[in-house]
Amino acid sequence: MPLTAFAQRLVDAVGADCVFTSPDDLAPWLTDWRGMYHGNAQAVVRPRATEDVAKILSLCQSTRTPVVPRGGNTGLCGGATPDASTQNVVLSLDRMNAVRGLDTIANTLVAEAGCILEDLQRAARDANRLLPLSLAAEGSCQLGGNLATNAGGVNVVRYGMTRELVLGVEAVLPNGEILHGLRTLRKDNTGYDLKQLLIGSEGTLGVITAAALRLYAPTPVRQVVIAAVTSPRQALALYEWLFAACGARMQAFEFFTGECVDLVMAHVPDVRAPFGERHPGYVLVELADTADEQALAALLERVIETAIERDLCADAVVSSTLGQVEAMWKLREEISEAQRADGPHLKHDVSLPIEAIPDFMTSAEARVRRVCPQVRPFIFGHFGDGNLHYNLSRPAGETADFMAKHGEAITAEVLDEVARYGGSISAEHGIGQLKRASFAKYKSPLELRLMHEIKAVFDPAGIMNPGKLL
């Protein structure tokens, strides 16, 4: 198939080995991981260097050609999937996957955006350091996507979101200019922090090509406990006690309902129930430290015994081996896969003030059941940082298209309640295509206006990731 005039210009700019235009080559890049969104493109471009990204964006801006940056395609909101325009160019940095530097004195790692997160974790570990960003998709997600969506994960309680791990970025602006900001300084009070505008912008302002990340001392000593709780309010009381007693050693505090465990047990092989009897809810807590496994185990045993005595949990089991640690985490991490096996469902990635979670769960369920009395809630998430995955599945016996018919009304109830408690409609998954209408509804007019003005400064031609976020 002959190249279009524009595709030929891309080839002339970065080489034929970087430009793909055949239908078979394009097909894998035109849909999202969940299969919810499908788009079009005239080309997929896979450059090998920042300078090539600059050439591509400069050419696209001069021709008003829309550009859709794409990472590892693990997002849940359609943020990296092109829209219906046949003029789109999908830009992948998967070939830009070098670790440019690792400094064990400054404790920094400089890596390109196409690096797989798990590979970066391994590079840090090989240098006896820790990169604490950790999420379920770490075996396939890319650093650029983590930065573009400000990914969260399980260690936010201790280390914060992705943006809190970033010291500097290198990025290409839509006009092809390169922002050389790969500084590894811990302190730099010289005006606006431009990197923070790019982090979380979902590829709508430019393309992050590399980043300088913080590293930490490794925490090889791990202890995990699963505690049974009678209610979210008891989980909150347990969180307060553990945070006070364990301090920075607590790096994860996860919550999931009994329904979630039921679902995992039904759909995931080789998983065992944590207790002999079923409980309304469960909390998984991980403590980690740099040394002295016996001291950490003793601390956890002591605080859990006190928690049971104070009626902060109904029962608890503490890991004694690495195998038990992994088995406990599997119970939590397989919830999403179990839901996928169960069939179509509504995902709500929301955040709330932590103290409001128990009341929200009660009032949100009441609102949802007024719309759909038999809906099945599967609620889990990073309780310790206020992030709930408030997911809902169709009533038993209903057809697979139930949520397609009724999901909009149900989601409105959930998000209205999130807003009433002063929460956020997106905790860690971003806005993408999925939440654009909700974003416009719940964000204040002033915030939206400022975001549009920032977008106009960075991307006056409007070529960057059209149809996403704004």
K.L.:
Spell out, as yes or no, whether a donor-acceptor pair under 3.5 Å connects the side chain of Arg158 to the backbone of Ala288.
P.N.:
yes

K.L.:
Can you tell me how far the CD1 atom of Ile379 sits from the CG atom of Leu392, to the nearest 0.5 Å?
P.N.:
7.0 Å

K.L.:
So, Glu417 and Arg420, do they make that salt bridge, N to O below 4.0 Å?
P.N.:
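Yes, charged N to carboxylate O under 4.0 Å.
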
K.L.:
Just distance, no hydrogens or angles: give the donor-acceptor pairs under 3.5 Å from side chains in residues 268-279, sequence neighbours left out.
P.N.:
unit_1, atom_1, unit_2, atom_2, d
Arg278, NE, Asp262, OD1, 3.2
Arg278, NE, Asp262, OD2, 2.8
Arg278, NH2, Asp262, OD2, 3.0

K.L.:
Tell me, which pairs form a ring-ring contact (aromatic ring centres under 6.0 Å, His included) where one or both residues lie in residues 425-455, sequence neighbours left out?
P.N.:
His389-His429

K.L.:
Would you mind listing every ring-ring contact (aromatic ring centres under 6.0 Å, His included) that reaches into residues 193-221, with sequence neighbours excluded?
P.N.:
Tyr159-Tyr216

K.L.:
Could you check whether Glu286 pairs with Arg222 (Lys NZ or Arg NE/NH1/NH2 to Asp/Glu carboxylate O, under 4.0 Å)?
P.N.:
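Yes, this pair counts.
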
K.L.:
Does the distance from a Lys or Arg side-chain N to an Asp or Glu carboxylate O, for Lys195 and Glu170, drop under 4.0 Å?
P.N.:
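The answer is no: the pair does not qualify as a salt bridge.
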
K.L.:
Quick one: do Val224 and Val285 satisfy side chain to side chain contact (heavy atoms under 4.5 Å, CB included)? Show the steps, please.
P.N.:
CA-CA 6 Å; Val224 174; Val285 183; over 6 Å; no

K.L.:
Under a 4.0 Å threshold between the charged nitrogen and the carboxylate oxygen, would Glu334 count as salt-bridged to Lys330?
P.N.:
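The answer is no: the pair does not qualify as a salt bridge.
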
K.L.:
Is there a donor-acceptor pair under 3.5 Å between the side chain of Asp32 and the backbone N or O of Tyr37?
P.N.:
yes

K.L.:
Hey, would you say the Phe255 and Tyr239 ring centroids sit under 6.0 Å apart?
P.N.:
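No, they do not, as the ring centres are separated by 6.0 Å or more.
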
K.L.:
Taking Arg233 first and then Asp359, would you say they form a salt bridge - that is, a charged N and a carboxylate O separated by under 4.0 Å?
P.N.:
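Yes, charged N to carboxylate O under 4.0 Å.
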
K.L.:
Once rounded to the nearest 0.5 Å, what's the spacing between atom CG of Leu213 and atom OG1 of Thr108?
P.N.:
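Going from CG on Leu213 over to OG1 on Thr108, the span is 9.0 Å.
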
K.L.:
Phe243 vs Phe253, test: ring-ring contact (aromatic ring centres under 6.0 Å, His included). Steps then yes/no.
P.N.:
CA-CA 9 Å; Phe243 187 86; Phe253 190 98; 9.9 Å; no

K.L.:
Do Asn107 and Arg214 get their side chains close enough for a donor-acceptor pair, meaning under 3.5 Å?
P.N.:
no

K.L.:
Would you say His345's side chain and Ser393's backbone share a donor-acceptor pair under 3.5 angstrom?
P.N.:
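No, His345 side chain to Ser393 backbone: no donor-acceptor pair under 3.5 Å.
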
K.L.:
Could you check whether any side-chain N or O of Glu413 sits under 3.5 Å from a backbone N or O of Ile410, counting only pairs where one atom can act as donor and the other as acceptor?
P.N.:
no

K.L.:
Nearest 0.5 Å, please: how far is CG in Leu242 from CD1 in Ile304?
P.N.:
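Answer rounded to 0.5 Å: 5.0 Å.
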
K.L.:
For Val418 and Ser424, what are the C-alpha separation, side-chain angles and deciding distance, and is it a side chain to side chain contact (heavy atoms under 4.5 Å, CB included)?
P.N.:
CA-CA 7 Å; Val418 169; Ser424 170; 5.6 Å; no

K.L.:
Nearest 0.5 Å please: distance from the CD1 atom of Ile199 over to the CG atom of Leu194.
P.N.:
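So the gap between those two atoms works out to 11.0 Å.
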
K.L.:
Nearest 0.5 Å please: distance from the OG1 atom of Thr411 over to the CE atom of Met403.
P.N.:
8.0 Å

K.L.:
Within the 3.5 Å criterion, strictly below it, is a donor on Trp329 or Glu254 matched to an acceptor on the partner's side chain?
P.N.:
no

K.L.:
Should Phe383 and Val283 be marked as a side chain to side chain contact (heavy atoms under 4.5 Å, CB included) after you check the CA-CA gap, both sets of side-chain angles, and the distance that decides it?
P.N.:
CA-CA 9 Å; Phe383 194 107; Val283 165; over 6 Å; no

K.L.:
Without swapping roles, check the side chain of Gln121 against the backbone of Leu133 for a donor-acceptor pair under 3.5 Å.
P.N.:
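Yes.
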
K.L.:
Phe380 and Phe256: aromatic ring centres closer than 6.0 Å?
P.N.:
no

K.L.:
Does the ring of Trp33 carry Arg70 above it, NZ/CZ under 6.0 angstrom from centre and within 45° of its axis?
P.N.:
no

